[in-house]
Amino acid sequence: MSMLANRKKRRGLSCVEMALVLPLLLLLTFGIIEYSIQFYVRGEMTNAAREGARRLAVYDATVDQARTVALERLSGINATFNVTASVTPPGAADRDATVRITVPMADISSGIIIPTEGKTLTAEVTMRREED
């Protein structure tokens, strides 16, 4: 067998190997990217909920002010966030301030690699209110 024929066989084998490996490599790469985006958004949601709960717990802010603080923190992310804030009544034994943020997974992920149908991402923070 000549040297030229041997090179052509190797080149063909390389193309077949690339055709088999490339889809798996792309699937893995895009899966990592999607998961990283979800991980980042979850961290930002937790930080925003923490800031809102802190406003309620320490500064005696209103529920609307806490929601506004949380939404301002998330303003750089292009998604529709649902922020709920609550405070236990003054006469209750535990005076907790809670901020809960949810976002549909479809708003932050393409859904091509990781299915997002009907799923939501949630972050919730509860802090004890300080007494005067």
Side-chain angles (χ1 to χ4, degrees):
M1 183 180 290
S2 73
M3 191 80 129
L4 185 61
N6 197 14
R7 280 188 184 168
K8 285 184 180 182
K9 285 184 179 181
R10 284 187 195 166
R11 194 174 318 149
L13 182 60
S14 296
C15 289
V16 170
E17 287 175 353
M18 182 61 87
L20 293 174
V21 173
L22 187 63
L24 296 174
L25 186 61
L26 289 175
L27 185 68
L28 180 66
T29 302
F30 288 123
I32 289 171
I33 291 169
E34 279 200 26
Y35 182 75
S36 299
I37 291 169
Q38 291 176 12
F39 190 73
Y40 167 76
V41 171
R42 171 73 183 245
E44 289 297 312
M45 288 171 52
T46 301
N47 289 335
R50 187 177 299 121
E51 285 185 24
R54 182 165 170 77
R55 285 288 166 103
L56 285 173
V58 176
Y59 302 111
D60 280 333
T62 64
V63 170
D64 288 333
Q65 289 171 334
R67 289 183 72 240
T68 302
V69 166
L71 286 172
E72 283 175 0
R73 171 81 177 172
L74 296 169
S75 64
I77 301 172
N78 188 18
T80 305
F81 295 97
N82 180 20
V83 179
T84 57
S86 63
V87 179
T88 54
D94 293 334
R95 294 195 53 194
D96 292 337
T98 302
V99 175
R100 179 185 175 105
I101 303 174
T102 58
V103 64
M105 292 281 280
D107 282 5
I108 60 170
S109 180
S110 66
I112 295 171
I113 306 296
I114 302 170
T116 60
E117 187 72 30
K119 295 181 182 178
T120 58
L121 194 59
T122 303
E124 181 175 281
V125 174
T126 301
M127 289 187 178
R128 181 69 43 103
R129 293 189 72 185
E130 294 183 0
E131 300 293 327
D132 292 333

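By convention here, the first residue in the shown sequence is residue 1.
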Enquirer: Is the closest side-chain donor-acceptor distance between T122 and T102 under 3.5 Å?
Expert: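 Looking only at side-chain atoms, T102 and T122 do not form any donor-acceptor pair under 3.5 Å.
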Enquirer: To check you understand the geometry: which heavy-atom pair defines the closest contact between A123 and A49, and what is its length?
Expert: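 Taking every non-hydrogen atom into account, O-CB, 4.4 Å.
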Enquirer: Check for me, please, whether I112 and L22 land in the same ILVMFWY cluster - side-chain distances under 4.5 Å, paths through other members count.
Expert: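 Same cluster: I112 reaches L22 through Ile, Leu, Val, Met, Phe, Trp or Tyr contacts under 4.5 Å.
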Enquirer: Nearest heavy-atom pair of A53 and M127: which atoms, and what distance?
Expert: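 What the structure gives for the nearest pair is C-SD, 4.0 Å.
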Enquirer: If you compare all heavy atoms of A70 against all heavy atoms of I101, which two are closest, and at what distance to 0.1 Å?
Expert: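 Shortest heavy-atom contact: CB-CD1, 4.2 Å.
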Enquirer: So, taking the atom named CG in L27 and the one named CD1 in I113, what distance separates them when rounded to the nearest 0.5 Å?
Expert: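 It comes to 4.5 Å.
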Enquirer: Can you tell me how far the OG1 atom of T126 sits from the CZ atom of R100, to the nearest 0.5 Å?
Expert: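 Rounded to the nearest 0.5 Å, the OG1-CZ separation comes out at 10.0 Å.
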Enquirer: Hey, are the side chains of I33 and T29 touching, using non-hydrogen atoms and a 4.5 Å cut-off?
Expert: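 A side-chain contact under 4.5 Å exists here.
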Enquirer: For residues 44-55, which residue pairs pass the salt bridge (charged side-chain N to carboxylate O under 4.0 Å, His left out) check, not counting sequence neighbours?
Expert: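 The answer is E44-R73, E51-R73.
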Enquirer: Indicate, with yes or no, if L121 and L74 share a hydrophobic cluster defined by side-chain heavy-atom contacts under 4.5 Å among Ile, Leu, Val, Met, Phe, Trp and Tyr.
Expert: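 Yes, L74 and L121 fall within the same hydrophobic cluster.
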Enquirer: Cluster question for you: counting only ILVMFWY and a side-chain heavy-atom cut-off of under 4.5 Å, with indirect links fine, are F81 and V125 together?
Expert: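 Looking at the clustering, V125 is in a separate group from F81.
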Enquirer: Applying salt bridge (Lys or Arg N to Asp or Glu O under 4.0 Å), can you list everything that pairs with D96, at least two apart in sequence or on another chain?
Expert: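 Per chain and number, D96 pairs via salt bridge (Lys or Arg N to Asp or Glu O under 4.0 Å) with R128.
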Enquirer: Membership question, hydrophobic clusters at under 4.5 Å side-chain separation (ILVMFWY): are V83 and V103 in the same one?
Expert: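 Linked, V103 and V83 end up in one cluster.
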Enquirer: Which atom pair, heavy atoms only, marks the closest approach of L56 to A85?
Expert: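 So the two residues come closest at CD1-CB, 4.0 Å.
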Enquirer: Cluster question for you: counting only ILVMFWY and a side-chain heavy-atom cut-off of under 4.5 Å, with indirect links fine, are Y40 and I32 together?
Expert: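 Different clusters: Y40 never reaches I32 through Ile, Leu, Val, Met, Phe, Trp or Tyr contacts under 4.5 Å.
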Enquirer: Please report the interatomic distance OG1(T116) to CG(D107), rounded to the nearest 0.5 Å.
Expert: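 Those atoms lie 9.0 Å apart.
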